[in-house]
Student: 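Here it is: the structure, laid out below.
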Amino acid sequence: MAKVLEGPGMGLMKKWGIAVPNYVVVTSTDELAKLGEANEWMKKSKLVAKAHEAMGSRFKLGLVKVGLDLKGAVAAAKEMLGRQVGSITITQVIVSEMVPHKEEYYVAVKSTRDGSEVLVANCGGIEVESNWDRVKKLQVDVGEKPSEAALEKLAKEAGFSGGLVKKVAEFAGKMFTCFDSEDAQYLEVNPVVVRESDGELIALDAVTLLDGDAKFRHPDWNFAFAAEFGRAYTKDELDVMAVDSKIKGSVKFIQILGGNIAMLPAGGGASVYYSDAVVARGGQLANYAEYSGDPPDWAVEVLTEKVASLPDIKHIIVGGAIANFTDVKKTFGGIIAGFRKAKGEGKLKGVKIWVRRGGPNEKEGLELMRKLKDEGFDIHVYDRKTPLTDIVDMALEKK
Amino acid sequence: MSILANKDTHVVIQGGVAGQNAARRMAEFCYLNKKSLYVDAFVYPPDAGKTNEIAYGSGLIMIPVYKTVAEATKNHPQINTSLVYIGADRASAGGMEALNDPNIKVVSMITEGVPEKDAKLLGAHARKLGKVFNGPSSIGIISSGSCRLGVIGGAYDNLVSCKLYREGSFGVITKSGGLSNEIIWICSQFADGITTAIGIGGDAYPGTDYVSYLEMFEQDPQTKAVVIVGEMGGDLEERAAEWYGAKKRRIKLLAVVSGFCQESLPKGMKFGHAGAKEGMKGEGSARSKSDALKKAGAIVPATFGALGPAIKETYEELVKSGQVKPVADVAPVDVPKLPKSVEQAMKDNEVTVVPLIRTTISDDRGDEPCYDGYPASELINKGYEIPHIIGLLWDKRLISKQDAEIVKRILMLSADHGPCVSGAYATILAACAGIGLSQAVAAGMIMIGPRFGGAVTDAGRFFKYAVDHKMSVDEFLTYMKKNHGPVPGIGHRVKSLRNPDKRVKELVGYVKSLNTKTPCLDFALSVEQVTAAKKDNLILNVDGTMAAVLVDIGFPVDSLNGFFILARTIGLIGHWVDQKRQESRLIRLFDFLVNYAAPKRREVPPLK
């Protein structure tokens with residue numbers, strides 16, 4: 001699942017005929033000032049300026065300013081750009097026109113096992129979250145599309161009446177087309193408002209989650225995906241993602257601040273059981289990581305360097321189930337090279353390494369790991385006879 | 001018995017190299033179970049019409065490749081299953097093609113990274129047709145003793161240690177591929193092993209869910225218990241719980257769910273498989289799934305680690321209640337050993353092989369080439385140069401700095417001799433005909449022989465012979481005249497005493513200035529004094545000089561032509577590049593350069 005920031009998200013909606021306010025995304029105040037001269041609406045309308053980054057609680061952090069004129073928007077952008085918030089430096093600001101309105105509504109389309117669900121409510125903003133029972137749903141089977149009649153029925157069920165029924169149905173229909181055509185997994189507009197000037201429905205704020213796996217058939221997805229957990233990706237995370245996009249198999253890496261147990265397990269399934277085991281033992285995860293699908297040794301080496309470079313770690317869990325076709329000797333070769341490099345750079349001091357693995361060439365791979373002891377690594381190596389997560393128990397055993 | 005994949009399964013694999021790897025794994029399984037391979041065809045349009053070789057034991061099985069699934073099933077009507085292992089962008093079309101084939105009832109897809117919408121469409125289409133679509137991202141399906149579909153089960157040794165050559169009593173369903181193997185292993189160690197294990201794939205919307213497979217296991221009398229390895233996200237585990245709790249089931253259900261760590265992680269942080277994502281309202285969490293399964297009566301150990309003991313306990317209960325009769329293990333001799341590769345067998349001291357060739361000069365099996373044992377990088381870093389490498393590879397010795405200088409000068413003097421000589425002319429002719437570098441240079445090379453550049457070896461041989469046999473110049477000349485003819489290395493087409501070869505002068509002068517012993521060169525020069533006196537152009541030529549000098553510094557006679565060939569290669573490459581740079585056109589001889597001495601045009605007599 002891949003999150004898309006507001007700017008490109010609104011771009012996709014516009015592409016499918018959904019009315020959105022005028023907006024610009026800028027990286028400098030000069031650019032914003034120039035755009036202000038070029039665009040009539042920026043001079044005429046009241047403006048909203050928001051930090052255009054993958055982060056939550058922007059309002060609380062003072063990163064959303066409303067009711068601005070152009071000068072105010074430039075000042076707001078100046079204040080935001082370059083500001084450091086946690087691990088994120090704000091590099092983009094989105095400035096859009098304020099749309100005067102009275103009522104706020106909610107429309108979303110969500111992926112389900114059988115297809116998708118169109119969600120409509122005749123309240124919007126934060127009101128909808130506390131009144132979830134007012135959200136009405138229409139199930140659409142995969143490969144099908146909702147009929148006009150069904151959408152109008154849905155709008156009526158949600159409490160719309162009069163001319164709004166047709167308008168809401170049409171808006172929801174366009175949302176569905178956008179969702180279906182763009183391989184979206186979740187599309188939410190909250191709020192949808194009635195523009196006072198012409199009575200049109202406008203999407204004021206959008207949440208767009210796309211299916212990253214479908215990128216191959218969307219050449220116009222020229223935007224980067226944003227992290228979904230309220231912060232930007234770190235450099236190390238981006239480095240691993242860059243490697244991941246280049247290789248057969250996969251390597252994954254997410255940092256967690258403040259932890260002291262580093263994870264370097266194999267397999268999308270087993271890695272989570274390892275993380276669970278750490279948490280169940282009261283440990284603090286310093287990261288999530290995973291390699292699978294018989295990745296090349298150099299990719300695993302890069303991942304290992306990142307894991308070994310995590311600050312203040314006490315243990316590294318090199319766990320894994322019995323692989324089907326990932327070559328244990330080869331991938332361990334990458335891990336060993338990464339460990340050696342890290343050690344050469346003065347890292348891994350006082351860090352205990354715990355290994356458990358099975359699979360093709362397991363004997364040779366485990367033997368290579370055991371030999372690291374001779375090089376001064378504090379390493380503990382176990383084979384398939386030791387149950388999967390026992391190394392976590394041993395690592396975190398209270399002494 | 002088993003489900004989905006069984007003794008009647010016949011497979012078409014849709015895929016290229018990855019598909020062949022899967023076939024090899026499947027062939028290993030067949031070999032273990034002493035049955036013939038049930039992969040009957042491949043579908044892979046780029047290779048259509050070819051055949052793939054799949055190793056089976058120590059032999060090879062030839063399997064045809066078709067362009068379409070329809071062609072495959074037409075030619076092999078026994079095919080009832082497809083294994084899809086093609087790129088994510090083509091997987092959907094491939095899966096649909098297989099589902100739409102009337103002969104095919106089960107489609108399993110290994111391909112990862114298939115868009116969710118495609119997976120849903122495939123799943124829905126299969127349900128409509130009453131067929132099974134397993135995956136995407138499925139490691140496969142394996143039934144003990146009868147069928148392996150995909151790469152599930154891992155390497156051969158693992159198949160043996162997991163006792164996949166005989167049926168147990170446990171069914172396995174997992175999202176994770178690696179964990180399917182782990183559970184198969186646990187079932188073989190803590191219980192009597194598995195009937196069938198299925199990887200349904202870790203995507204958000206797998207084509208077939210736990211419930212459909214649970215229903216099949218429930219109908220399979222051999223399966224007494226089923227182990228589910230679940231993950232947070234979606235509602236498949238909840239639906240499995242609902243199915244299990246709905247009425248009294250014959251099979252016992254054991255389950256674990258991963259994702260409890262999510263409770264103590266920053267919100268929105270997502271781990272593991274694509275499908276492992278919590279809903280916005282907390283539905284699909286590991287805890288809610290775990291609770292639902294427990295409530296439905298499943299055995300849900302607190303951790304993955306506790307699963308082994310739980311399986312053991314379940315097994316012991318099944319034995320106690322008489323539902324399972326413990327099976328005697330197969331004696332190790334009855335389990336076929338996968339033939340080793342020759343390499344491995346040699347490593348294990350099990351076979352000896354008479355080598356086909358022997359080399360005494362170089363070895364690049366390490367991280368860099370070694371020349372006569374010396375690593376190339378070390379030679380470079382210690383100041384050695386090209387002549388030393390020649391010494392190592394041609395004569396297996398590290399020559400002195402002084403000798404290296406001589407070799408270097410010989411190479412420099414012989415690198416080229418203009419465009420008119422046979423070698424260069426042949427290369428230029430070839431270059432103008434549009435021939436590539438290596439062939440054009442080879443054309444020039446072919447010219448090197450007794451009349452052009454190829455006399456070095458023979459000159460060295462005869463001079464050495466004379467010196468070794470302490471011949472006088474007269475004895476030598478008589479010997480040559482009687483046995484071999486003109487002396488190689490003596491005589492030049494254009495150079496003479498009055499018009500001496502500067503290259504010879506240069507080389508002789510340098511070698512002489514070193515004040516070392518040069519018996520061969522001395523002998524050659526005294527031969528020249530006699531021959532040149534007889535005829536002006538019977539001088540010691542560059543070939544003869546090189547030969548004498550090289551013999552004096554110890555190079556073996558047979559290597560001597562090599563110095564000319566090596567040096568002249570530099571020139572030939574130069575000529576080819578030169579013609580290429582000028583974009584020279586095709587050339588042909590002018591008629592006026594040919595003496596047409598053939599008979600004049602005449603009438604052809606009637607054929608008799």
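Every chain is numbered from 1, with letters handed out A, B, ... down the list of sequences.
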Student: Atom NZ of residue position B/Lys347 - does it have more than 12 heavy atoms of other residues, nucleotides or ligands inside 6.0 Å?
Tutor: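 12 or below, so no.
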Student: Roughly how far, to the nearest 0.5 Å, is the CZ atom of A/Phe325 from the CD1 atom of B/Ile139?
Tutor: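 Here the interatomic distance stands at 5.0 Å.
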Student: Are any side-chain N or O atoms of B/Tyr205 and backbone N or O atoms of A/Ser111, one a donor and one an acceptor, separated by less than 3.5 Å?
Tutor: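 Such a contact is found between B/Tyr205 side chain and A/Ser111 backbone.
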Student: In terms of heavy-atom pairs under 4.5 Å, which option from A/Ala323, A/Ala277, A/Gly267 contacts chain B the most?
Tutor: A/Ala323
Student: Specify the closest pair of heavy atoms between B/Glu231 and A/Gly269, including all atoms of both residues, with the distance to one decimal.
Tutor: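 It is OE2-CA, 3.7 Å.
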Student: Got a sec: does the NZ of A/Lys330 have more than 12 other heavy atoms crowding it under 6.0 Å?
Tutor: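 Check passes, neighbour count above 12.
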Student: Below 4.5 Å, heavy-atom pairs only: which of A/Ile256, A/Thr112, A/Asp114 has the largest tally toward chain B?
Tutor: A/Thr112
Student: Please report the shortest heavy-atom distance between B/Asp118 and A/Arg217, naming the atom on each side.
Tutor: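 Scanning both residues completely, I find the closest heavy atoms to be OD1-NH2, 2.8 Å.
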Student: Looking just at side-chain N and O atoms, do A/Ser116 and B/Lys120 make a donor-acceptor pair shorter than 3.5 Å?
Tutor: no
Student: Quick one: side chains of residues 150-158 of chain B, donor-acceptor pairs under 3.5 Å with protein atoms, not counting sequence neighbours, listed by atom name and distance.
Tutor:
unit_1: B/Tyr156; atom_1: OH; unit_2: B/Pro336; atom_2: O; d: 2.7
unit_1: B/Asn158; atom_1: OD1; unit_2: A/Arg384; atom_2: NH1; d: 2.7
unit_1: B/Asn158; atom_1: OD1; unit_2: A/Arg384; atom_2: NH2; d: 2.6
unit_1: B/Asn158; atom_1: ND2; unit_2: B/Gly153; atom_2: O; d: 2.7
unit_1: B/Asn158; atom_1: ND2; unit_2: B/Asn181; atom_2: OD1; d: 3.4

Student: Quick one: does B/Lys117's side chain have a donor or acceptor within less than 3.5 Å of a partner on A/Asp180's backbone?
Tutor: yes
Student: Closest heavy-atom contact between A/Leu285 and B/Cys261?
Tutor: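 Minimum heavy-atom separation between A/Leu285 and B/Cys261: CD1-CB, 4.3 Å.
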Student: Taking all atoms of both residues into account, what is the closest heavy-atom pair of A/Val272 and B/Gly259, and its distance?
Tutor: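 Looks like CG1-N, 3.6 Å.
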Student: Give a yes or no answer on whether the side chain of A/Arg113 reaches the backbone of B/Pro206 with a donor-acceptor pair at less than 3.5 Å.
Tutor: yes
Student: Checking A/Thr389 against chain B: side chain, backbone, both or neither under 4.5 Å from a heavy atom?
Tutor: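 Just the side chain, heavy atoms under 4.5 Å.
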Student: Is it the backbone or the side chain of A/Asp276 that comes under 4.5 Å from a heavy atom of chain B, or both, or neither?
Tutor: both
Student: Answer yes or no: is there a donor N or O on one side and an acceptor on the other, between the side chain of A/Tyr273 and the main chain of B/Val256, under 3.5 Å?
Tutor: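 Judged by distance alone, yes, a pair lies under 3.5 Å.
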Student: Supply the atom-to-atom distance A/Leu388 CG to B/Leu307 CG, rounded to the nearest 0.5 angstrom.
Tutor: 10.0 Å
Student: Counting only heavy atoms not in A/Lys385, do more than 12 sit closer than 6.0 Å to its NZ atom?
Tutor: no
Student: Can you say whether B/Leu236 sits under 4.5 Å from chain A via the side chain, the backbone, both, or neither, judging by heavy atoms?
Tutor: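 Answer is side chain: those atoms of B/Leu236 sit under 4.5 Å from chain A.
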Student: By a 4.5 Å heavy-atom criterion (distance strictly below it), what part of B/Val257 contacts chain A: side chain, backbone, both, or neither?
Tutor: backbone
Student: Is the side chain of A/Asp211 donor-acceptor paired with the backbone N or O of B/Pro115 at a distance under 3.5 Å, no angle test?
Tutor: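 Flag not set: sc A/Asp211 to bb B/Pro115 has no pair under 3.5 Å.
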Student: How long is the gap from CG on A/Asn324 to OG on B/Ser180, to the nearest 0.5 Å?
Tutor: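 It is 5.0 Å, given to the nearest 0.5 Å.
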Student: How many angstroms lie between CD in A/Glu362 and OG in B/Ser161, if you round to the nearest 0.5 Å?
Tutor: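 Those atoms lie 7.0 Å apart.
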Student: More than 12 foreign heavy atoms under 6.0 Å from CD of A/Glu117: is that the case here?
Tutor: yes
Student: Heavy-atom cut-off 4.5 Å, strictly under: side chain, backbone, both or neither for B/Leu179 against chain A?
Tutor: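 Both backbone and side chain of B/Leu179 come within 4.5 Å of chain A.
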Student: Check whether B/Val114 gets within reach of chain A through its side chain, its backbone, both or neither, counting any heavy atom under 4.5 Å.
Tutor: backbone
Student: Answer with side chain, backbone, both or neither: which region of A/Val279 has an atom nearer than 4.5 Å to a non-hydrogen atom of chain B?
Tutor: side chain
Student: Taking atom CG of B/Leu129 as the centre, report whether more than 12 heavy atoms of other residues, nucleotides or ligands fall under 6.0 Å from it.
Tutor: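 Counting other residues, nucleotides and ligands, CG of B/Leu129 exceeds 12 neighbours.
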Student: Do you know which of B/Ile184, B/Val229, B/Thr303 has the most heavy-atom pairs with chain A at a distance under 4.5 angstrom?
Tutor: B/Val229
Student: Going by an N to O cut-off under 4.0 Å, is there a salt bridge joining B/Glu182 and A/Arg356?
Tutor: yes
